[in-house]
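So the structure is just underneath, and the comments pick up after that.
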Amino acid sequence: MTLHQRSPERVVDAATTDEAESLIPKHKAKPTPLPIGQLAVIYAVKLTLPIASTQTMPYYNLLIEKLAASEGAETGYYSGLAHSAFAITGFISMFVWGRLSDSKGRIPVIFLGTAGTAVFTLLFGLSQTFNALLVNRMLEMLSVALTTPTAGFFSGITGAIHSVVGELSDETNQSTAFPLYDIVSALGFVIGPLIGGTFADPAKEWPDIFTDPFWKEYPYLLPCLITTAISTVAALLSVFALKETLPGKRKNKSPVIEEELILGPESSATVIDVPPTLEDLQPLSVRHLLSIPVLRAVILSSGALGLAGSCFTNIFVLMAYTPIRQGGLAFSPAQIGRAISSMGAVSILLKLCMPKLLRRFGTLGMFDFSMLAWMATFAAMPLASFVAQRAASAVSPATPLVGAFLRDTSTREWVAVAVPLFLSRLGCLAFSIIMILTRDHAPGSASLGTANGLAELAQSLASTVGPTIASSLFAVSASKHLLGGHLWVVCMLLLSLFNCWVARRIRNYRN
(Lines give C-alpha, C1' and ligand atoms only; values in the text may rest on other atoms or scores of the structure.)
Protein backbone atom coordinates (compact mmCIF):
# COMPACT_ATOMS: atom_id res chain seq x y z
CA MET A 1 0.00 0.00 0.00
CA THR A 2 1.31 3.41 -0.87
CA LEU A 3 0.88 5.82 2.01
CA HIS A 4 1.67 9.33 0.87
CA GLN A 5 2.73 11.94 3.38
CA ARG A 6 3.67 15.47 2.62
CA SER A 7 6.30 15.80 5.33
CA PRO A 8 7.96 12.34 5.44
CA GLU A 9 8.65 12.30 1.69
CA ARG A 10 10.11 14.67 -0.83
CA VAL A 11 9.88 14.11 -4.54
CA VAL A 12 12.83 15.38 -6.58
CA ASP A 13 13.13 14.95 -10.33
CA ALA A 14 15.92 12.55 -11.23
CA ALA A 15 17.38 14.89 -13.78
CA THR A 16 17.36 17.90 -11.46
CA THR A 17 20.02 18.53 -8.84
CA ASP A 18 19.47 20.46 -5.64
CA GLU A 19 21.89 23.17 -6.78
CA ALA A 20 20.10 23.79 -10.05
CA GLU A 21 16.55 23.43 -8.74
CA SER A 22 16.23 27.13 -7.95
CA LEU A 23 17.53 28.13 -11.40
CA ILE A 24 15.60 25.76 -13.64
CA PRO A 25 11.82 26.25 -14.02
CA LYS A 26 9.84 23.57 -12.23
CA HIS A 27 7.80 21.13 -14.29
CA LYS A 28 4.58 19.54 -13.12
CA ALA A 29 5.28 16.16 -11.49
CA LYS A 30 3.60 13.13 -13.00
CA PRO A 31 0.81 11.76 -10.81
CA THR A 32 1.94 9.23 -8.24
CA PRO A 33 0.13 5.88 -8.68
CA LEU A 34 -2.79 5.44 -6.30
CA PRO A 35 -3.33 2.29 -4.16
CA ILE A 36 -6.43 0.97 -5.88
CA GLY A 37 -7.15 -1.80 -3.37
CA GLN A 38 -7.31 0.37 -0.26
CA LEU A 39 -9.12 3.17 -2.06
CA ALA A 40 -11.76 0.69 -3.23
CA VAL A 41 -12.34 -0.37 0.38
CA ILE A 42 -12.65 3.15 1.79
CA TYR A 43 -14.86 4.17 -1.13
CA ALA A 44 -17.15 1.21 -0.38
CA VAL A 45 -17.37 2.28 3.26
CA LYS A 46 -18.12 5.85 2.23
CA LEU A 47 -20.92 4.66 -0.08
CA THR A 48 -23.00 3.53 2.89
CA LEU A 49 -23.18 6.98 4.51
CA PRO A 50 -25.13 8.85 1.79
CA ILE A 51 -27.33 5.79 1.30
CA ALA A 52 -28.25 5.87 4.98
CA SER A 53 -28.79 9.62 4.98
CA THR A 54 -30.90 9.84 1.81
CA GLN A 55 -33.02 6.67 1.85
CA THR A 56 -35.43 8.40 4.24
CA MET A 57 -35.99 11.47 2.04
CA PRO A 58 -38.84 10.14 -0.16
CA TYR A 59 -41.04 9.13 2.79
CA TYR A 60 -39.63 11.33 5.55
CA ASN A 61 -42.31 14.01 5.53
CA LEU A 62 -45.09 11.41 5.23
CA LEU A 63 -43.75 9.67 8.32
CA ILE A 64 -43.40 13.00 10.11
CA GLU A 65 -46.95 13.93 9.09
CA LYS A 66 -48.30 10.67 10.50
CA LEU A 67 -46.46 11.05 13.81
CA ALA A 68 -47.23 14.77 14.06
CA ALA A 69 -50.95 14.18 13.46
CA SER A 70 -51.04 11.62 16.24
CA GLU A 71 -49.67 14.24 18.62
CA GLY A 72 -51.65 17.21 17.29
CA ALA A 73 -48.67 19.11 15.86
CA GLU A 74 -47.84 20.69 12.50
CA THR A 75 -45.81 18.65 10.01
CA GLY A 76 -43.52 21.57 9.18
CA TYR A 77 -42.71 22.15 12.84
CA TYR A 78 -41.82 18.51 13.49
CA SER A 79 -39.90 18.23 10.21
CA GLY A 80 -37.73 21.22 11.05
CA LEU A 81 -37.23 19.96 14.61
CA ALA A 82 -36.14 16.52 13.41
CA HIS A 83 -33.72 17.93 10.82
CA SER A 84 -32.18 20.31 13.34
CA ALA A 85 -31.86 17.61 16.00
CA PHE A 86 -30.08 15.42 13.49
CA ALA A 87 -27.68 18.23 12.58
CA ILE A 88 -27.07 19.20 16.22
CA THR A 89 -26.00 15.65 17.02
CA GLY A 90 -23.65 15.65 14.06
CA PHE A 91 -22.28 18.99 15.17
CA ILE A 92 -21.50 17.60 18.61
CA SER A 93 -19.92 14.41 17.28
CA MET A 94 -17.93 15.59 14.26
CA PHE A 95 -14.97 16.99 16.18
CA VAL A 96 -15.02 14.14 18.73
CA TRP A 97 -14.78 11.50 16.00
CA GLY A 98 -12.05 13.42 14.18
CA ARG A 99 -9.99 13.82 17.36
CA LEU A 100 -10.43 10.15 18.25
CA SER A 101 -9.26 9.13 14.78
CA ASP A 102 -6.06 11.13 15.33
CA SER A 103 -5.36 9.44 18.68
CA LYS A 104 -6.85 5.92 18.43
CA GLY A 105 -6.61 5.36 14.69
CA ARG A 106 -8.89 5.58 11.67
CA ILE A 107 -10.18 1.99 11.67
CA PRO A 108 -11.78 1.92 15.18
CA VAL A 109 -13.68 5.14 14.49
CA ILE A 110 -14.86 4.02 11.04
CA PHE A 111 -16.01 0.64 12.40
CA LEU A 112 -17.97 2.20 15.27
CA GLY A 113 -19.61 4.68 12.91
CA THR A 114 -20.72 2.16 10.30
CA ALA A 115 -21.89 -0.35 12.93
CA GLY A 116 -23.82 2.37 14.76
CA THR A 117 -25.43 3.47 11.52
CA ALA A 118 -26.61 -0.11 10.87
CA VAL A 119 -28.17 -0.50 14.32
CA PHE A 120 -29.94 2.83 14.54
CA THR A 121 -31.19 2.81 10.97
CA LEU A 122 -32.99 -0.42 11.84
CA LEU A 123 -34.44 1.13 15.00
CA PHE A 124 -35.54 4.16 12.98
CA GLY A 125 -37.67 1.87 10.81
CA LEU A 126 -39.30 0.50 13.95
CA SER A 127 -40.13 3.95 15.38
CA GLN A 128 -43.78 4.40 16.31
CA THR A 129 -43.59 7.75 18.11
CA PHE A 130 -41.94 11.03 17.24
CA ASN A 131 -39.68 10.87 20.30
CA ALA A 132 -38.42 7.43 19.30
CA LEU A 133 -37.83 8.64 15.73
CA LEU A 134 -35.98 11.68 17.02
CA VAL A 135 -33.69 9.69 19.32
CA ASN A 136 -32.86 7.13 16.64
CA ARG A 137 -32.25 9.82 14.03
CA MET A 138 -29.87 11.65 16.36
CA LEU A 139 -27.91 8.53 17.25
CA GLU A 140 -27.64 7.61 13.61
CA MET A 141 -26.24 11.06 12.85
CA LEU A 142 -23.86 10.43 15.65
CA SER A 143 -22.91 7.68 13.22
CA VAL A 144 -23.39 9.16 9.74
CA ALA A 145 -24.10 12.87 10.13
CA LEU A 146 -26.92 13.29 7.66
CA THR A 147 -29.31 10.36 7.76
CA THR A 148 -32.04 10.31 10.34
CA PRO A 149 -32.09 11.82 13.78
CA THR A 150 -30.27 8.80 15.10
CA ALA A 151 -27.99 8.74 12.18
CA GLY A 152 -26.62 11.97 13.43
CA PHE A 153 -24.11 10.88 16.04
CA PHE A 154 -22.34 8.21 14.05
CA SER A 155 -22.25 10.20 10.82
CA GLY A 156 -19.41 12.19 12.33
CA ILE A 157 -17.00 9.54 11.02
CA THR A 158 -16.83 11.32 7.67
CA GLY A 159 -13.82 13.29 8.94
CA ALA A 160 -11.93 10.04 9.59
CA ILE A 161 -12.85 8.76 6.11
CA HIS A 162 -11.65 12.03 4.54
CA SER A 163 -8.36 11.57 6.40
CA VAL A 164 -7.83 8.06 5.04
CA VAL A 165 -8.30 9.30 1.47
CA GLY A 166 -5.91 12.18 2.21
CA GLU A 167 -3.27 9.80 3.58
CA LEU A 168 -3.59 7.46 0.59
CA SER A 169 -2.98 10.34 -1.84
CA ASP A 170 -0.59 13.25 -2.31
CA GLU A 171 -0.45 16.59 -4.12
CA THR A 172 0.12 14.94 -7.51
CA ASN A 173 -2.92 12.65 -7.49
CA GLN A 174 -5.43 14.17 -5.06
CA SER A 175 -7.26 15.79 -7.99
CA THR A 176 -8.21 12.23 -8.97
CA ALA A 177 -8.60 10.61 -5.54
CA PHE A 178 -11.01 13.13 -4.04
CA PRO A 179 -13.33 13.54 -7.06
CA LEU A 180 -13.58 9.73 -7.30
CA TYR A 181 -14.38 9.70 -3.60
CA ASP A 182 -17.12 12.25 -4.17
CA ILE A 183 -18.44 10.29 -7.15
CA VAL A 184 -18.98 7.39 -4.76
CA SER A 185 -20.89 9.76 -2.48
CA ALA A 186 -22.99 10.88 -5.45
CA LEU A 187 -23.69 7.23 -6.28
CA GLY A 188 -25.00 6.78 -2.74
CA PHE A 189 -27.19 9.81 -3.37
CA VAL A 190 -28.69 7.90 -6.31
CA ILE A 191 -29.11 4.57 -4.54
CA GLY A 192 -30.48 5.88 -1.23
CA PRO A 193 -33.59 7.69 -2.54
CA LEU A 194 -34.32 4.79 -4.90
CA ILE A 195 -34.30 2.40 -1.95
CA GLY A 196 -36.58 4.66 0.07
CA GLY A 197 -38.94 5.53 -2.77
CA THR A 198 -39.19 1.96 -4.09
CA PHE A 199 -39.48 -0.07 -0.89
CA ALA A 200 -41.43 2.30 1.37
CA ASP A 201 -44.85 0.95 2.39
CA PRO A 202 -44.46 -2.46 0.67
CA ALA A 203 -47.89 -3.63 1.85
CA LYS A 204 -49.42 -0.94 -0.35
CA GLU A 205 -47.06 -1.35 -3.31
CA TRP A 206 -47.02 -5.17 -3.39
CA PRO A 207 -50.10 -6.35 -1.43
CA ASP A 208 -49.84 -9.87 -2.86
CA ILE A 209 -46.34 -10.36 -1.46
CA PHE A 210 -46.37 -8.42 1.81
CA THR A 211 -49.61 -9.75 3.25
CA ASP A 212 -48.57 -9.81 6.90
CA PRO A 213 -50.12 -6.98 9.01
CA PHE A 214 -46.60 -6.38 10.35
CA TRP A 215 -45.69 -4.46 7.17
CA LYS A 216 -48.73 -2.21 7.57
CA GLU A 217 -47.75 -1.45 11.13
CA TYR A 218 -44.16 -0.68 10.10
CA PRO A 219 -44.50 0.66 6.53
CA TYR A 220 -40.97 2.11 6.37
CA LEU A 221 -39.03 -0.77 7.90
CA LEU A 222 -38.10 -2.49 4.62
CA PRO A 223 -35.89 0.32 3.22
CA CYS A 224 -34.27 0.59 6.65
CA LEU A 225 -33.56 -3.16 6.66
CA ILE A 226 -31.87 -2.92 3.27
CA THR A 227 -29.77 0.03 4.45
CA THR A 228 -28.84 -1.81 7.63
CA ALA A 229 -27.55 -4.76 5.60
CA ILE A 230 -25.39 -2.46 3.46
CA SER A 231 -23.96 -0.69 6.53
CA THR A 232 -23.18 -4.05 8.17
CA VAL A 233 -21.10 -5.08 5.15
CA ALA A 234 -19.23 -1.76 5.37
CA ALA A 235 -18.49 -2.32 9.05
CA LEU A 236 -17.00 -5.73 8.27
CA LEU A 237 -14.90 -4.28 5.45
CA SER A 238 -13.47 -1.63 7.75
CA VAL A 239 -12.22 -4.34 10.14
CA PHE A 240 -11.02 -7.06 7.77
CA ALA A 241 -9.97 -5.23 4.62
CA LEU A 242 -8.97 -1.67 5.52
CA LYS A 243 -5.40 -0.97 6.65
CA GLU A 244 -4.57 1.68 9.22
CA THR A 245 -3.20 4.89 7.68
CA LEU A 246 -2.55 7.03 10.77
CA PRO A 247 1.28 7.35 10.90
CA GLY A 248 1.59 6.61 14.62
CA LYS A 249 -0.69 3.54 14.43
CA ARG A 250 0.50 1.80 11.28
CA LYS A 251 2.06 -1.62 11.76
CA ASN A 252 4.64 -0.85 9.10
CA LYS A 253 5.90 2.68 9.72
CA SER A 254 7.86 2.93 6.46
CA PRO A 255 6.27 3.58 3.08
CA VAL A 256 5.42 0.38 1.21
CA ILE A 257 4.51 0.34 -2.46
CA GLU A 258 1.46 -1.73 -3.28
CA GLU A 259 1.65 -4.04 -6.28
CA GLU A 260 -1.79 -3.13 -7.62
CA LEU A 261 -1.74 0.49 -8.76
CA ILE A 262 -3.82 2.82 -10.86
CA LEU A 263 -3.13 5.84 -13.05
CA GLY A 264 -0.78 4.39 -15.59
CA PRO A 265 2.98 4.92 -15.87
CA GLU A 266 4.98 5.76 -12.80
CA SER A 267 6.77 9.04 -12.45
CA SER A 268 10.50 9.22 -13.09
CA ALA A 269 10.82 11.08 -9.81
CA THR A 270 13.06 9.79 -7.06
CA VAL A 271 11.46 9.34 -3.65
CA ILE A 272 13.68 10.32 -0.74
CA ASP A 273 12.60 9.12 2.69
CA VAL A 274 13.23 11.42 5.63
CA PRO A 275 12.31 10.86 9.27
CA PRO A 276 8.74 11.89 10.18
CA THR A 277 8.46 15.26 11.88
CA LEU A 278 6.68 15.91 15.16
CA GLU A 279 3.69 17.28 13.20
CA ASP A 280 3.32 13.90 11.48
CA LEU A 281 3.29 11.87 14.71
CA GLN A 282 1.60 14.12 17.26
CA PRO A 283 -1.66 16.01 16.60
CA LEU A 284 -1.61 19.75 17.17
CA SER A 285 -4.08 21.44 19.48
CA VAL A 286 -7.30 22.94 18.18
CA ARG A 287 -6.10 26.40 19.18
CA HIS A 288 -2.94 25.91 17.14
CA LEU A 289 -4.89 24.78 14.08
CA LEU A 290 -7.35 27.67 14.33
CA SER A 291 -4.46 30.12 14.59
CA ILE A 292 -3.49 29.32 10.98
CA PRO A 293 -5.36 31.98 8.96
CA VAL A 294 -5.77 30.04 5.73
CA LEU A 295 -6.94 26.88 7.54
CA ARG A 296 -9.40 28.99 9.50
CA ALA A 297 -10.72 30.40 6.21
CA VAL A 298 -11.10 26.87 4.83
CA ILE A 299 -13.09 25.82 7.91
CA LEU A 300 -15.38 28.86 7.63
CA SER A 301 -15.90 28.15 3.94
CA SER A 302 -16.81 24.57 4.80
CA GLY A 303 -19.49 25.95 7.09
CA ALA A 304 -20.77 28.31 4.40
CA LEU A 305 -20.96 25.41 1.97
CA GLY A 306 -22.83 23.26 4.47
CA LEU A 307 -25.32 26.06 5.05
CA ALA A 308 -26.05 26.43 1.33
CA GLY A 309 -26.38 22.68 0.81
CA SER A 310 -28.61 22.05 3.82
CA CYS A 311 -30.89 24.98 2.96
CA PHE A 312 -31.30 23.76 -0.60
CA THR A 313 -31.99 20.14 0.36
CA ASN A 314 -34.52 21.12 3.01
CA ILE A 315 -36.34 23.60 0.77
CA PHE A 316 -36.43 21.29 -2.22
CA VAL A 317 -37.81 18.31 -0.29
CA LEU A 318 -40.33 20.57 1.46
CA MET A 319 -41.33 22.21 -1.83
CA ALA A 320 -41.67 18.83 -3.54
CA TYR A 321 -43.96 17.56 -0.76
CA THR A 322 -46.03 20.77 -0.37
CA PRO A 323 -49.37 21.12 -2.26
CA ILE A 324 -49.32 23.41 -5.28
CA ARG A 325 -51.73 25.90 -3.72
CA GLN A 326 -49.06 26.58 -1.07
CA GLY A 327 -46.25 27.10 -3.56
CA GLY A 328 -45.09 23.47 -3.77
CA LEU A 329 -44.88 20.79 -6.43
CA ALA A 330 -47.20 18.11 -4.96
CA PHE A 331 -44.81 15.26 -5.74
CA SER A 332 -45.48 11.74 -4.52
CA PRO A 333 -42.79 9.86 -2.52
CA ALA A 334 -41.79 7.93 -5.65
CA GLN A 335 -41.43 11.17 -7.63
CA ILE A 336 -39.38 12.74 -4.84
CA GLY A 337 -37.15 9.67 -4.85
CA ARG A 338 -36.62 9.88 -8.63
CA ALA A 339 -35.85 13.61 -8.45
CA ILE A 340 -33.28 13.18 -5.69
CA SER A 341 -31.73 10.17 -7.44
CA SER A 342 -31.39 12.19 -10.63
CA MET A 343 -29.31 14.72 -8.69
CA GLY A 344 -26.91 11.97 -7.74
CA ALA A 345 -26.71 10.72 -11.32
CA VAL A 346 -25.88 14.22 -12.57
CA SER A 347 -23.27 14.58 -9.83
CA ILE A 348 -21.52 11.44 -11.02
CA LEU A 349 -21.25 12.77 -14.57
CA LEU A 350 -19.98 16.16 -13.39
CA LYS A 351 -17.45 14.71 -10.99
CA LEU A 352 -16.01 12.48 -13.69
CA CYS A 353 -14.84 15.75 -15.24
CA MET A 354 -13.45 17.08 -11.97
CA PRO A 355 -9.80 15.95 -12.37
CA LYS A 356 -9.45 17.79 -15.69
CA LEU A 357 -11.33 20.82 -14.41
CA LEU A 358 -9.13 21.04 -11.31
CA ARG A 359 -5.96 20.78 -13.37
CA ARG A 360 -7.27 23.38 -15.82
CA PHE A 361 -8.74 25.98 -13.45
CA GLY A 362 -7.18 25.10 -10.09
CA THR A 363 -8.84 24.25 -6.79
CA LEU A 364 -9.63 27.83 -5.82
CA GLY A 365 -10.98 28.75 -9.26
CA MET A 366 -13.37 25.79 -9.22
CA PHE A 367 -14.32 26.45 -5.60
CA ASP A 368 -15.28 30.06 -6.35
CA PHE A 369 -17.32 28.93 -9.36
CA SER A 370 -19.17 26.30 -7.33
CA MET A 371 -20.08 28.77 -4.61
CA LEU A 372 -21.46 31.15 -7.24
CA ALA A 373 -23.58 28.29 -8.62
CA TRP A 374 -25.62 28.29 -5.40
CA MET A 375 -26.90 31.77 -6.21
CA ALA A 376 -28.15 30.57 -9.58
CA THR A 377 -29.69 27.51 -7.93
CA PHE A 378 -31.88 29.46 -5.51
CA ALA A 379 -32.81 31.97 -8.21
CA ALA A 380 -34.08 29.14 -10.45
CA MET A 381 -36.17 27.30 -7.83
CA PRO A 382 -39.32 29.49 -8.12
CA LEU A 383 -39.47 28.53 -11.82
CA ALA A 384 -40.48 24.97 -10.89
CA SER A 385 -43.32 26.18 -8.67
CA PHE A 386 -44.54 28.60 -11.35
CA VAL A 387 -44.63 25.87 -14.02
CA ALA A 388 -46.41 23.49 -11.63
CA GLN A 389 -49.10 26.08 -10.95
CA ARG A 390 -49.62 26.69 -14.66
CA ALA A 391 -49.83 22.97 -15.36
CA ALA A 392 -52.32 22.40 -12.54
CA SER A 393 -54.48 25.28 -13.77
CA ALA A 394 -54.53 23.84 -17.28
CA VAL A 395 -55.56 20.40 -16.06
CA SER A 396 -58.37 21.59 -13.80
CA PRO A 397 -59.63 25.11 -14.49
CA ALA A 398 -62.33 24.80 -11.83
CA THR A 399 -59.75 24.10 -9.16
CA PRO A 400 -56.62 25.88 -10.27
CA LEU A 401 -54.39 24.60 -7.51
CA VAL A 402 -54.94 20.95 -6.71
CA GLY A 403 -53.63 19.11 -3.71
CA ALA A 404 -50.83 16.65 -3.45
CA PHE A 405 -50.63 13.46 -5.50
CA LEU A 406 -53.83 14.11 -7.53
CA ARG A 407 -52.29 14.60 -10.98
CA ASP A 408 -49.58 13.45 -13.32
CA THR A 409 -46.44 15.55 -13.54
CA SER A 410 -45.91 16.97 -17.02
CA THR A 411 -42.66 16.96 -18.99
CA ARG A 412 -42.56 20.73 -18.72
CA GLU A 413 -42.61 20.49 -14.93
CA TRP A 414 -39.79 17.96 -14.87
CA VAL A 415 -37.70 20.25 -17.07
CA ALA A 416 -38.38 23.18 -14.74
CA VAL A 417 -37.37 21.04 -11.76
CA ALA A 418 -34.25 19.80 -13.56
CA VAL A 419 -32.80 23.32 -13.92
CA PRO A 420 -32.27 24.07 -10.20
CA LEU A 421 -31.34 20.44 -9.55
CA PHE A 422 -28.55 20.63 -12.15
CA LEU A 423 -27.31 23.98 -10.82
CA SER A 424 -27.26 22.57 -7.31
CA ARG A 425 -24.99 19.77 -8.51
CA LEU A 426 -22.56 22.39 -9.81
CA GLY A 427 -22.62 23.92 -6.35
CA CYS A 428 -22.01 20.53 -4.75
CA LEU A 429 -18.72 20.17 -6.61
CA ALA A 430 -17.38 22.37 -3.82
CA PHE A 431 -17.77 19.49 -1.36
CA SER A 432 -14.99 17.62 -3.18
CA ILE A 433 -12.82 20.72 -3.34
CA ILE A 434 -13.16 21.64 0.33
CA MET A 435 -11.68 18.23 1.23
CA ILE A 436 -8.67 18.96 -0.98
CA LEU A 437 -8.25 22.42 0.53
CA THR A 438 -8.41 20.98 4.06
CA ARG A 439 -5.79 18.39 3.23
CA ASP A 440 -3.53 20.95 1.54
CA HIS A 441 -3.50 23.26 4.55
CA ALA A 442 -3.43 20.76 7.41
CA PRO A 443 0.02 21.06 9.07
CA GLY A 444 0.77 17.32 9.14
CA SER A 445 -0.80 13.87 8.86
CA ALA A 446 -1.35 13.52 12.60
CA SER A 447 -3.52 16.67 12.60
CA LEU A 448 -5.40 15.81 9.42
CA GLY A 449 -8.23 14.06 11.25
CA THR A 450 -8.68 17.01 13.60
CA ALA A 451 -8.56 19.47 10.69
CA ASN A 452 -11.17 17.43 8.82
CA GLY A 453 -13.18 17.19 12.03
CA LEU A 454 -13.17 20.96 12.41
CA ALA A 455 -14.24 21.41 8.79
CA GLU A 456 -17.02 18.85 9.25
CA LEU A 457 -17.91 20.51 12.54
CA ALA A 458 -18.43 23.82 10.76
CA GLN A 459 -20.56 22.08 8.11
CA SER A 460 -22.62 20.35 10.77
CA LEU A 461 -23.15 23.57 12.71
CA ALA A 462 -24.42 25.21 9.54
CA SER A 463 -26.62 22.18 8.88
CA THR A 464 -28.06 22.61 12.38
CA VAL A 465 -29.43 26.07 11.71
CA GLY A 466 -29.90 25.73 7.93
CA PRO A 467 -33.00 23.50 7.87
CA THR A 468 -34.76 25.54 10.56
CA ILE A 469 -34.03 28.82 8.79
CA ALA A 470 -34.95 27.48 5.36
CA SER A 471 -38.19 25.74 6.37
CA SER A 472 -39.31 28.72 8.46
CA LEU A 473 -38.63 31.19 5.64
CA PHE A 474 -40.44 28.96 3.14
CA ALA A 475 -43.45 28.56 5.45
CA VAL A 476 -43.71 32.25 6.32
CA SER A 477 -43.28 33.32 2.69
CA ALA A 478 -46.04 30.96 1.55
CA SER A 479 -48.52 31.62 4.37
CA LYS A 480 -48.10 35.41 4.39
CA HIS A 481 -47.53 35.63 0.64
CA LEU A 482 -44.52 37.87 1.24
CA LEU A 483 -42.97 39.09 -2.03
CA GLY A 484 -45.43 36.86 -3.85
CA GLY A 485 -44.45 33.95 -1.61
CA HIS A 486 -40.79 34.30 -2.63
CA LEU A 487 -39.24 36.13 0.31
CA TRP A 488 -37.23 33.00 1.01
CA VAL A 489 -35.61 33.30 -2.44
CA VAL A 490 -34.32 36.81 -1.69
CA CYS A 491 -32.95 35.65 1.66
CA MET A 492 -31.20 32.67 0.07
CA LEU A 493 -29.64 34.88 -2.61
CA LEU A 494 -28.26 37.23 0.05
CA LEU A 495 -26.96 34.24 1.99
CA SER A 496 -25.25 32.86 -1.14
CA LEU A 497 -23.61 36.21 -1.78
CA PHE A 498 -22.22 36.22 1.77
CA ASN A 499 -20.95 32.66 1.28
CA CYS A 500 -19.06 33.73 -1.84
CA TRP A 501 -17.34 36.47 0.16
CA VAL A 502 -16.33 33.92 2.81
CA ALA A 503 -14.89 31.61 0.14
CA ARG A 504 -12.79 34.42 -1.34
CA ARG A 505 -10.96 34.76 1.97
CA ILE A 506 -9.11 31.52 1.27
CA ARG A 507 -7.53 33.07 -1.81
CA ASN A 508 -6.69 36.25 0.08
CA TYR A 509 -4.88 34.40 2.86
CA ARG A 510 -3.19 32.04 0.43
CA ASN A 511 -1.86 34.92 -1.63
Side-chain angles (χ1 to χ4, degrees), residues 48 51-79 81-83 85-86 115-141 143-144 147-152 154 191-235 317-318 320-323 330-341 403-408:
T48 64
I51 290 177
S53 66
T54 60
Q55 63 91 9
T56 62
M57 287 184 175
Y59 60 82
Y60 193 69
N61 280 313
L62 287 176
L63 177 58
I64 292 291
E65 182 182 31
K66 174 184 174 182
L67 298 179
S70 67
E71 301 185 24
E74 292 289 335
T75 301
Y77 167 75
Y78 266 15
S79 178
L81 180 61
H83 278 292
F86 180 70
T117 299
V119 171
F120 291 109
T121 298
L122 178 62
L123 294 178
F124 177 81
L126 294 170
S127 300
Q128 290 288 291
T129 66
F130 180 75
N131 288 337
L133 176 145
L134 197 63
V135 170
N136 281 289
R137 184 72 167 162
M138 291 172 68
L139 291 175
E140 186 185 343
M141 175 67 187
S143 308
V144 180
T147 295
T148 44
T150 320
F154 293 96
I191 297 173
L194 286 179
I195 291 175
T198 302
F199 297 102
D201 203 355
K204 179 181 178 181
E205 297 295 329
W206 302 288
D208 295 337
I209 300 176
F210 295 89
T211 56
D212 196 300
F214 174 83
W215 297 107
K216 291 184 179 180
E217 185 176 359
Y218 300 100
Y220 306 113
L221 176 61
L222 184 57
C224 291
L225 278 173
I226 296 172
T227 304
T228 294
I230 295 172
S231 297
T232 301
V233 172
V317 174
L318 190 58
Y321 161 81
T322 301
F331 277 9
S332 68
Q335 289 173 321
I336 295 175
R338 288 197 296 270
I340 296 173
S341 293
F405 320 145
L406 296 181
R407 63 189 180 83
D408 293 329

Spacing of CD1 belonging to I340 relative to CE belonging to M57, to within rounding of 0.5 Å | 5.5 Å

Kindly write out the residues that satisfy side chain to side chain contact (heavy atoms under 4.5 Å, CB included) with L194, not counting sequence neighbours, or none if the list is empty.
-> V190, S341

Working to the nearest 0.5 Å, report the span between CD1 of I51 and OG1 of T121.
-> 11.0 Å

To the nearest 0.5 angstrom, please state how far the CD1 atom of I230 sits from the OG1 atom of T48.
-> 8.5 Å

Derivation of the side chain to side chain contact (heavy atoms under 4.5 Å, CB included) call for I226 and Q55 = CA-CA 10 Å; I226 296 172; Q55 63 91 9; over 6 Å; no

Minimal heavy-atom distance between G197 and P58, with the atoms involved, is N-CG, 3.6 Å

Calculate, to the nearest 0.5 Å, the distance between atoms CD1 and OG1 belonging to I195 and T198 respectively.
-> 8.5 Å

Considering only distance and modelled atom types, tabulate donor-acceptor pairs under 3.5 Å from the side chains of residues 200-225, sequence neighbours left out.
from	atom 1	to	atom 2	distance (Å)
D212	OD1	F214	N	2.8

